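Residue numbering restarts at 1 for every chain, and letters A, B, ... go by the order of the sequence lines. Please read these numbers as outputs of a predicted model, since none were measured by experiment.
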Amino acid sequence: MAQLQAPKGVPEYFPGRSSAFLAVRDALNAPARKAGYGYVELPMFEDTALYVRGVGESTDVVSKEMYTFEDRGGRSLSLRPEGTAGVMRLVIEHSLDRGQLPVKLWYAGAFFRAERPQHGRYRQLQQVGLEAIGSDDPALDAEVISLADEGFRSLGLKQFTLQLTSLGCAECRPPYRELLQAFLANLELDEATRERAAVNPLRVLDDKRESVQSQLAGVPYMVNHLCADCQTHYDDVRTALRLLKVEWTESPSLVRGLDYYTRTAFEFTHHLLGAQSGIGGGGRYDGLMSSLGGQELSGIGWGLGTDRTLLACEAEGLDPGAGALVDVFAVPMGEEAKAVLIALSGELRASGIRTDLAYGNRGLKGAMKAADRSGAPYVLIVGEQEVADGTVVVKNMSAGTQESVAWESVQSLLAAHLQKDEGNHS
RNA sequence: GUGGGUAUAGCUCAGCUGGUAGAGCGUCGCGUUGUGGUCGCGAAUGUCGCGGGUUCGAGUCCCGUUACUCACCCCA
């Protein structure tokens, strides 16, 4: 029988890298929490119709990449390919939009897309996301964008760019779309691209192939055909972004893969990630709520790729979440000593001091080696002598010094040492 | 989904034109009394991704398959 393995395209995180994953996830949602966003825990699967209506039937995400299945009651369900539609459904279902607006929410977790896996492109992908619903204030667009920017910066990332554009609205997009399609009709394109031009002409703009790009000179861009309201909105977004000290690049050819975006659209791309360079993206959506049966409310949000952000950190030589998993490592010599340290480690943990113990009755040398590997700054040693005295040897591993203290003072001594070390680092 | 590359010890990889496997790192042990990190010595570990085929003989050639990976596509 073949060796069991994880499903294709599913990244797993375990000690060695999992602490970095957690640190990235926390860093990406921290800015939102500082701006009044509340947490939502969404279902991993939803009625398939939610995504068909919300994300758009013609999008690749829905038409080709969704994990859809029938449950035992004959309902068609789909593993969530993205988060925004689910948040909208939750907001409508629980009437969150009946209170004060905007409703500000964030979430984090796994999403599923049946794509061909690649480095940074997974079938189970992790995202941190946020939505601000019920206000079309351009200052809110700027806040949302700056929170993503801040998340990346707080990790120390530098090699990324914020790309920004406006996709227009129901008013100005249709005429622009016709203009664009007329332009594309005159180009020499292969069958697949021609089809794309018919379904989603904007997509053709960010085609990476030279054969296509070379033909796009003089192509009309949406930003140059915005209606008065959209133009004002876009100008105000940029003014607010300047106030927030966020830098961006104007990207008129930026396209989003989900149908619901209107007006402000943005994407964060990292320069060291190859083809899968998008580490986050989002935008405003005007018609989404109402198309899902809710009020006519505009919203704006983003999704940031946790997996890709971690890869970006690694590409820049950053190591988020680095450091030992424990503060203290206990080394017993003999059965009685072990009993003492088992009890003591329990007390230390309860007081908030991260503590591990040398298991397996190894020799002192081996146990010290394990203590060293653990990275714990302090090691507790108890042998016959200490059992008799009622003391513990507390060793400072980096200094190599050690002191003997009574059992009952160990906790307060360690707490004091650790606090002092903490102070020295910051 | 389309096209290319790779697949050898836990990790990184070497194995020339086919003759039944190696290094470094890591792990474990030892360097005598209760102390890690350095150094020295020693040990364990692989059905050479998986399945077929060619051959007296395949890690080495051929086919298939799976996974990873690169580009397109898509997007986080």
Between N or O atoms, less than 3.5 Å apart, protein on one side and nucleotides 25-29 of chain B on the other: list the pairs.
from	atom 1	to	atom 2	distance (Å)
B:rU27	OP1	A:Arg373	NE	3.3
B:rU27	OP1	A:Arg373	NH1	2.4
B:rC28	OP1	A:Arg362	NH2	3.3
B:rC28	OP2	A:Arg373	NH1	3.3

Of all of residues 387-399 of chain A, which get a heavy atom below 4.0 angstrom from RNA chain B, listed by number? A:Lys395, A:Met397, A:Ser398
When you compare the side chain of A:Tyr37 with that of A:Leu105, does any pair of heavy atoms fall below 4.5 Å? no
Whether A:Arg17 and A:Glu314 form a salt bridge (side-chain N of Lys/Arg under 4.0 Å from carboxylate O of Asp/Glu) is what I want to check. yes
For B:rC30, does OP1 or OP2 lie under 4.0 Å from any side-chain N or O of A:Lys365? no
Which residues, if any, of residues 10-38 of chain A bring a heavy atom under 4.0 Å of RNA chain B? none
Taking all atoms of both residues into account, what is the closest heavy-atom pair of A:Leu50 and A:Ala85, and its distance? CD1-O, 3.6 Å
Taking the side chain as every heavy atom from C-beta outward, state whether A:Thr401 and A:Glu403 have any pair of such atoms under 4.5 Å apart. no
Does A:Arg238 count as lying over the ring of A:Tyr234, i.e. NZ or CZ under 6.0 Å from the six-ring centre, within 45 degrees of the axis? yes
Please work out whether the ring planes of A:Phe160 and A:Phe268 are parallel, tilted or perpendicular, with thresholds of 30° and 60°. tilted
N-O pairing of A:Asp141 and A:Arg263 below 4.0 Å: no
Ranking B:rA76, B:rG36, B:rC68 by distance to the side chain of A:Arg256, first place goes to B:rA76
Length of the line joining A:Asp207:CG and B:rA71:P, which is rounded to integer Å: 15 Å
Less than 4.0 Å between a side-chain N and a carboxylate O, is that true for A:Glu267 and A:Arg256? yes
Pairing partner of B:rG18, by Watson-Crick or G-U wobble and under 3.5 Å for both distances, is none
Any strand is fair game: report the nucleotide pairing with B:rA23 by Watson-Crick or G-U wobble, both distances under 3.5 Å, or none. B:rU12
Please state whether the base of B:rC74 and the side chain of A:Arg121 form at least one donor-acceptor pair under 3.5 Å? yes
Using Watson-Crick or G-U wobble geometry with both distances below 3.5 Å, tell me the partner of B:rG29, or none. B:rC41
Looking at the base of B:rA76, is there any donor atom on it, or on the side chain of A:Glu115, that sits under 3.5 Å from an acceptor on the other one? yes
Does a side-chain N or O from A:Gln118 land closer than 4.0 Å to OP1 or OP2 of B:rA71, or not? yes
Please determine whether a side-chain nitrogen or oxygen atom of A:Arg196 lies at a distance below 4.0 Å from atom OP1 or OP2 of B:rC74. yes
Consider the side chain of A:Arg116, meaning its heavy atoms from C-beta on, and name the nucleotide among B:rU35, B:rC72, B:rG1 that approaches it most closely. B:rG1
When rounded to whole Å, the NZ to P distance for the pair A:Lys208 and B:rC70 reads 12 Å
From the options B:rC68, B:rU35, B:rA76, select the nucleotide whose nearest atom is closest to the side chain of A:Ile381. B:rU35
Are A:Lys64 and B:rG1 close enough that a side-chain N or O sits under 4.0 Å from OP1 or OP2? no
Provide the Watson-Crick or G-U wobble partner of B:rC74, both distances under 3.5 Å; none if there is no partner. none
Mark yes or no for whether A:Thr48, through its side chain, and A:Ser76, through its backbone, hold a donor-acceptor pair below 3.5 Å. yes
Quick note, A:Met333 side chain, CB onward, closest among B:rA76, B:rG34, B:rC72 is B:rG34
Counting distance only, does the side-chain N/O of A:Glu386 pair as donor-acceptor with the main-chain N or O of A:Gly383 below 3.5 Å? yes
For A:Gln411, is the CD atom crowded, meaning more than 12 foreign heavy atoms sit under 6.0 Å from it? yes
Are any of the side-chain heavy atoms of A:Asp136 and A:Arg284 separated by less than 4.5 Å? yes
Here the distance between atom C1' of B:rA71 and atom CD of A:Glu210, to the nearest Å, is 15 Å
Just checking A:Gly9: base, sugar-phosphate only, or nothing, at a heavy-atom cut-off of under 4.0 Å? sugar-phosphate
